[in-house]
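Please read all numbers here as calculations on a predicted model, not as lab measurements.
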Number of protein chains: 2
Amino acid sequence: MQFAQRLQNVETSAIREIFKLLSTPGIISFAGGFPDAALFDVEGINEASQRALSQHPALALQYGPTEGYMPLRAQIADGMREQGSDVQATQLMVTTGSQQALDLLGKTMLSPGDKVLVEGPTFLATIQCFRLYGAEVVSVPIDQDGVQVDLLEAQIQQHKPKLIYLIPTFGNPSGAMLTLERRKRILELAAQYKVLVVEDNPYGELYFDAPPPPTLLALSAQVPGSREWLAYCGSFSKVVSPGLRLGWIVAPDALLANAAMCKQFSDANSSMLAQVTASEYLAGGRLPQALARVQKVYASRAKLMMDTLNQELGDALHYTAPQGGMFIWASLTGAGGRNRDAAAFVKRGIEHGVAAVPGAPFFATDIDHSTFRMSYASVPEEKIIEGVKRLAKAL
Amino acid sequence: MQFAQRLQNVETSAIREIFKLLSTPGIISFAGGFPDAALFDVEGINEASQRALSQHPALALQYGPTEGYMPLRAQIADGMREQGSDVQATQLMVTTGSQQALDLLGKTMLSPGDKVLVEGPTFLATIQCFRLYGAEVVSVPIDQDGVQVDLLEAQIQQHKPKLIYLIPTFGNPSGAMLTLERRKRILELAAQYKVLVVEDNPYGELYFDAPPPPTLLALSAQVPGSREWLAYCGSFSKVVSPGLRLGWIVAPDALLANAAMCKQFSDANSSMLAQVTASEYLAGGRLPQALARVQKVYASRAKLMMDTLNQELGDALHYTAPQGGMFIWASLTGAGGRNRDAAAFVKRGIEHGVAAVPGAPFFATDIDHSTFRMSYASVPEEKIIEGVKRLAKAL
């Protein structure tokens, strides 16, 4: 059987290898990217689901509008306005997880051969998603303050990209947080070069101490002409539950209309059972408390992991200290620089009973082989300590 | 903003026009394609959802495998085996509605310029879905016994299609049912010409009197070499609930693996809340009773609509008498043949307070303008009678 040509653009073996690692028995896994299921507000979601099915059964069990359940769209817009973004319900569409928002952006925007700029490193499913639409994905270097804006501008000039994809706040895998100054500069670049910037923000609410700077979307009000070149992807997965499989996208009208047309032929609409349940959950007012609990636990685990890394591995590792999110991004130090083989180190770690994710697949181009990703989000404290000790033995 | 080239392949105005019609106030609508929400087993689904969230919260609220929740895959496979198809759980993948199964088939199989053969008429979202992947979609004429296999073979020879998409049982919009003989012949053609046949079967269980012939999938066991050229799409939407947004695809191993890879970057996985709920619902054993109720009501409404059409419109219409499903496919008779303007007739109908769907958008090529589609599925009996009377006045 002959498959579509676009499949030749993606390399999945690296990804498969990673996920195979996770099922090794007895292992302490820092490799996951999932939120901690023990922190889900099961009772609240169960109550919401029962309200959805008892009070709105004909809505919750029927097909729905492609753009989403209007009360939920309004609640999402309300929440974004509270966080400083001027968003109306009709300016956003509910998606089947924020992964679908990325897929619809690819389908709507990308023709074969188009260039896309991403952070190096970035979410690997984004790289593959856009490659499936024929895009050539190019990495722009980042540091702990996020993407390096001067290099970004140079790459814009060189590649004339169709879009720029960024996770400005607590990036996956980088944990980096883009500074306020850089955020504003990126919006200026979007307006100046008339290039679409996609702000993916699944982790923004998972801050530990101080809230992060305003989103690009919120800041766009201060940068004339930038809002029309900005799309924003949000998600219920990291705070409420990935099981609902709901995210959303805010985008300029014409882009949103075309993305909705594409969604009509992708999955018609996102689960109305999930959407009405999410709407009832938000209406129930339990989210702030659930969020506070997640923030507290992740902050404590992150601190413990960093303290233990400092104690057990010292200078052998360099890592970005996250101020929120779910990830610590580390690199091996010493001779060899970017060619130090973190994949081999991760393999040794598995032999010692601890798993992480090698960093190479997170780079679209210009791979830093010395890197790897660890998540503390779902790991109990005693396992964080033991896992880091095992890592030290592997080193 | 410049959008992807692929958007130029789709024509959405016709579809938008159709859906605008549905919101005219006071209208009796035969235009819908939705199942009747009053027939959903709300109590059973609510109980299943509560069981999912109380007994399996960490599964129902977490990310899940891209291929689907294994117990649900096993239950679907069991159900298909009971209906005569040799299917194992690992040979199918759960999708976000069967619309996503079509999208993944397009993504996995179709390169720009590839040909796809479909029934004329067929499900219009399939036409647009495949066109978004650059396919050239060609209609093959059907009659009340389904696609005309001699013409199909000629088109295979002429176009060398990448795939053939069929709704063999109670087609949308045609209501037609492919005969046993033609089913076998199509499987022979698949094996002979090594062309993928996609059997979309959302309506097969909605039969009125006798069950339909076995599916292509079930019959493939009798036609050597055909199974490896066959994909099958199933759905929970027409019998259980579209609100779950769950369907599935059975396909040869290599195709299924590539479709799963594509799904990973489309929406990662279908809602686990929906999947665990569906699994608990199937385990609860209430489906046969719910199905029997839907069958009985739809059969009664279909018969009433046909009787009233015969009485009120007589020879002015020709229609295919459905033996199941949700649709009556009609054409205007008299001078003008395929050029009689059913769209104008539908407009007059709306002025008289009754809506149907003009048939033209259901044809990929070779449009029969004299056709239109009526659904009886969600219309109470007194409104069926009154609606048909209004149609007669409009004529």
Side-chain angles (χ1 to χ4, degrees), chain A residues 1-7 10 12 34 37-38 40 42 45-46 49-50 53-54 57-58 60-64 96-97 99-100 102-103 107-111 125 128-129 132-133 162 196 229 237 241-245 252 254-255 258 261-262 264-274 277, chain B residues 1-7 10 12 34 37-38 40 42 45-46 49-50 53-54 57-58 60-64 96-97 99-100 102-103 107-111 125 128-129 132-133 162 196 229 237 241-245 252 254-255 258 261-262 264-274 277:
Chain A
M1 196 171 290
Q2 200 193 333
F3 299 104
Q5 289 154 5
R6 70 181 65 80
L7 301 194
V10 293
T12 60
F34 291 5
F40 298 149
V42 178
I45 297 171
N46 199 349
S49 152
Q50 287 179 49
L53 284 166
S54 56
L61 295 178
Q62 187 55 283
Y63 290 101
T96 306
Q99 182 68 45
Q100 191 191 42
L102 302 178
D103 183 58
K107 208 171 191 177
T108 305
M109 295 300 302
L110 299 175
S111 300
Q128 307 292 359
C129 172
L132 270 175
Y133 289 104
K162 195 69 171 289
L196 182 68
W229 294 102
S237 293
S241 152
L244 298 170
R245 222 54 217 107
L255 171 52
N258 278 326
M261 189 270 287
C262 285
Q264 197 178 336
F265 308 123
S266 287
D267 67 358
N269 60 263
S270 298
S271 165
M272 284 294 283
L273 175 59
T277 296
Chain B
M1 195 173 289
Q2 198 191 335
F3 298 105
Q5 289 154 7
R6 69 181 65 80
L7 301 194
V10 294
T12 59
F34 291 4
F40 298 148
V42 177
I45 297 171
N46 200 349
S49 151
Q50 287 178 50
L53 284 167
S54 56
L61 294 178
Q62 189 54 285
Y63 289 101
T96 306
Q99 181 68 44
Q100 191 192 40
L102 303 178
D103 183 58
K107 208 170 189 177
T108 305
M109 296 300 302
L110 299 176
S111 300
Q128 306 291 359
C129 173
L132 269 176
Y133 289 105
K162 195 69 173 288
L196 181 69
W229 294 101
S237 294
S241 152
L244 296 171
R245 220 60 215 101
L255 172 51
N258 278 326
M261 189 270 288
C262 286
Q264 198 179 335
F265 308 122
S266 286
D267 67 359
N269 59 263
S270 298
S271 165
M272 285 293 283
L273 174 59
T277 296

Once you round to the nearest 0.5 Å, how far does CD of A:Gln100 lie from CZ of B:Phe265? 15.5 Å

For the CZ atom of B:Arg245 and the OH atom of A:Tyr63, what is their distance to the nearest 0.5 Å? 5.5 Å

Is there a side-chain contact (heavy atoms from CB on, under 4.5 Å) between B:Gln128 and A:Gln264? Walk through the geometry before answering. CA-CA 9 Å; B:Gln128 306 291 359; A:Gln264 197 178 336; over 6 Å; no

Please classify the contact between [X] and chain A as side chain, backbone, both or neither, with a heavy-atom cut-off of under 4.5 Å.
| X | answer |
| --- | --- |
| B:Leu132 | side chain |
| B:Phe3 | both |
| B:Leu255 | both |
| B:Ala60 | backbone |

For the interface with chain A, which of [options] has the highest count of heavy-atom pairs at distances below 4.5 Å?
| options | value |
| --- | --- |
| B:Met109, B:Met272, B:Gln2 | B:Met109 |
| B:Cys129, B:Ser237, B:Ser266, B:Pro252 | B:Ser266 |
| B:Leu53, B:Leu7, B:Asp103, B:Leu61 | B:Leu61 |
| B:Leu273, B:Ile45, B:Asn46, B:Leu196 | B:Asn46 |

Could you tell me whether a side-chain N or O of [X] sits under 3.5 Å from a main-chain N or O of [Y], the two making a donor and an acceptor?
| X | Y | result |
| --- | --- | --- |
| A:Arg6 | B:Leu110 | yes |
| B:Ser271 | A:Gly243 | yes |
| A:Thr96 | B:Asp267 | no |
| B:Gln5 | A:Ser111 | no |
| B:Lys107 | A:Tyr133 | no |

I'd like to verify something: which residue of [options] has the highest number of heavy-atom pairs under 4.5 Å with chain B?
| options | value |
| --- | --- |
| A:Ala254, A:Ser270, A:Ala274 | A:Ala254 |
| A:Gly97, A:Ala125, A:Pro57, A:Gly64 | A:Ala125 |
| A:Thr277, A:Leu102, A:Val42 | A:Val42 |

Do B:Ser49 and A:Ser49 pair up side chain to side chain, a donor and an acceptor below 3.5 Å, judged on atom types alone?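 Short answer, yes.
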
